[in-house]
Amino acid sequence: LMSRKEKFKKYSTLLGGYGIGVLLNQGINLLLIPIFWRVLTPEDFGVIAISQIISLFLSPVYMFGASETIQRFYYRWNDDERPHRLAWFFWFVFAFTLVLTIFLDFVGSRISRNLIVNVPFDPLLRYTLWSTFFSNFINFPIAISRIRQRVATYNFLVNGSFLLQIAIVFYLVKIEN
């Protein structure tokens, strides 16, 4: 058993580590504002907004609580069954979202033509669809690193995936379009 002093030290360290990660993420957001403001047009911001709305809608549909379920039951599963349960969740989510993404990719241009007239489905909305598919898989290692209290890994995954998405969106909106 840990003493109060040891618990305080442990939880203070965890809180500080997660807090630094959040501050880093928000600091990056803040630093990007003047860069985006100078480089992007109002139309670019509109395209990014539509892309983010689609991604924010699809993310919980794609994961439908798998990450939360893993966090809830991780330590209830014994050491032998845990890898099998995690693999089952991963492959179930992968198969379901792959089929859904292929379907949405197939019908996406038809739907977007009627709903989102000013933003072409290909490449911008197609990228949004597939990047949401792939970016959801980072949620598994993020959840596991949070459960295991691996703060550095958690911060690296969260901030690294954020920076990668920003770079790809910027590339597609400003360079590819």
Side-chain angles (χ1 to χ4, degrees), residues 1-33 35-36 48-102 104-105 125 127-173:
L1 289 172
M2 292 181 5
S3 69
R4 284 183 180 212
K5 187 176 182 179
E6 290 171 326
K7 284 183 183 179
F8 179 78
K9 182 179 178 185
K10 177 184 177 184
Y11 295 127
S12 296
T13 303
L14 289 172
L15 181 62
Y18 289 120
I20 289 170
V22 169
L23 288 175
L24 178 63
N25 191 283
Q26 296 305 315
I28 293 168
N29 276 320
L30 192 62
L31 291 174
L32 287 173
I33 290 173
I35 294 169
F36 281 178
I48 291 171
I50 289 170
S51 173
Q52 290 300 307
I53 289 168
I54 292 169
S55 183
L56 287 171
F57 172 77
L58 286 177
S59 288
V61 171
Y62 276 5
M63 289 302 289
F64 51 89
S67 191
E68 291 80 6
T69 303
I70 289 169
Q71 291 180 53
R72 170 93 167 88
F73 292 105
Y74 186 84
Y75 285 113
R76 288 190 178 191
W77 298 326
N78 66 44
D79 292 342
D80 293 333
E81 71 179 334
R82 189 176 300 135
H84 301 290
R85 299 283 178 119
L86 291 172
W88 185 90
F89 273 103
F90 177 83
W91 289 113
F92 178 80
V93 169
F94 178 82
F96 172 77
T97 57
L98 180 62
V99 169
L100 182 59
T101 303
I102 291 170
L104 291 173
D105 192 319
L125 299 181
Y127 157 76
T128 299
L129 184 64
W130 285 99
S131 71
T132 304
F133 168 76
F134 286 111
S135 67
N136 270 314
F137 293 104
I138 196 74
N139 290 330
F140 283 94
I142 285 174
I144 292 169
S145 64
R146 186 183 305 138
I147 292 165
R148 293 180 178 169
Q149 298 178 350
R150 305 255 167 80
V151 178
T153 303
Y154 174 83
N155 285 332
F156 174 77
L157 292 171
V158 169
N159 289 309
S161 65
F162 169 72
L163 287 173
L164 182 61
Q165 283 185 320
I166 291 294
I168 292 171
V169 167
F170 184 78
Y171 171 79
L172 284 172
V173 168

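Residue numbers run from 1 in the order of the sequence given. Note that the structure is a prediction, hence the values are computed from the model and not measured.
Atom-to-atom distance recorded for S12:OG and K7:NZ is 13.0 Å, nearest 0.5 angstrom. To the nearest 0.5 Å, atoms CG (L58) and OG (S131) are separated by 9.5 Å. Atom CZ of F89 and atom OG of S67 lie 10.5 Å apart (nearest 0.5 Å). Rounded to the nearest 0.5 angstrom, H84 NE2 and N78 CG are separated by 9.0 Å. With values rounded to the nearest 0.5 angstrom, I48 atom CD1 is found 12.0 Å from I53 atom CD1. From F134, atom CZ reaches atom CD1 of I168 across 10.5 Å, with rounding to the nearest 0.5 Å.
Scanning for ring-ring contact (aromatic ring centres under 6.0 Å, His included) contacts around Y11 gives an empty result, with sequence neighbours left out. Considering only residues two or more places apart in sequence or on other chains, R148 meets the salt bridge (Lys or Arg N to Asp or Glu O under 4.0 Å) condition with none of them. Residues passing the side chain to side chain donor-acceptor pair (under 3.5 Å) test with S55, sequence neighbours excluded: T132.
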Under 3.5 Å, which donor-acceptor pairs do the side chains of residues 158-167 form with other protein atoms, sequence neighbours left out?
unit_1 : atom_1 : unit_2 : atom_2 : d
N159   : OD1    : N25    : ND2    : 3.0
N159   : ND2    : N155   : O      : 3.1
S161   : OG     : L157   : O      : 3.0
S161   : OG     : V158   : O      : 3.1
Q165   : NE2    : S135   : OG     : 3.3

Validation: residues 93-102 side-chain donor-acceptor distances under 3.5 Å, sequence neighbours left out:
unit_1 : atom_1 : unit_2 : atom_2 : d
T97    : OG1    : V93    : O      : 2.7
T97    : OG1    : F94    : O      : 3.3
T101   : OG1    : Y62    : OH     : 2.6
T101   : OG1    : T97    : O      : 2.6

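Counted within 6.0 Å of CZ on F156, heavy atoms from surrounding residues, nucleotides or ligands total 12 or fewer; the atom is thus considered open.
Closest non-hydrogen pair, Y18 versus S145, comes out as OH-O, 4.2 Å.
I50 places none of its side-chain heavy atoms less than 4.5 Å from the side chain of T128. Residues I144 and T153 have side chains not in contact (no heavy-atom distance under 4.5 Å, counting atoms from C-beta outward).
Ring-centre distance between F64 and F92: below the 6.0 Å cut-off.
Counting only residues at least two apart or on different chains, the salt bridge (charged side-chain N to carboxylate O under 4.0 Å, His left out) pairs with a member in residues 58-86 are D79-R82, E81-R85.
Between the side chain of Q26 and the backbone N or O of L23 there is no donor-acceptor pair closer than 3.5 Å.
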Next on the checklist: Between F137 and F90, is the ring-ring contact (aromatic ring centres under 6.0 Å, His included) condition met? List the steps.
Outcome noted: CA-CA 8 Å; F137 293 104; F90 177 83; 5.3 Å; yes

Item to check | Steps toward side-chain contact (heavy atoms from CB on, under 4.5 Å) verdict (W130, D105) | outcome: CA-CA 8 Å; W130 285 99; D105 192 319; 2.5 Å; yes

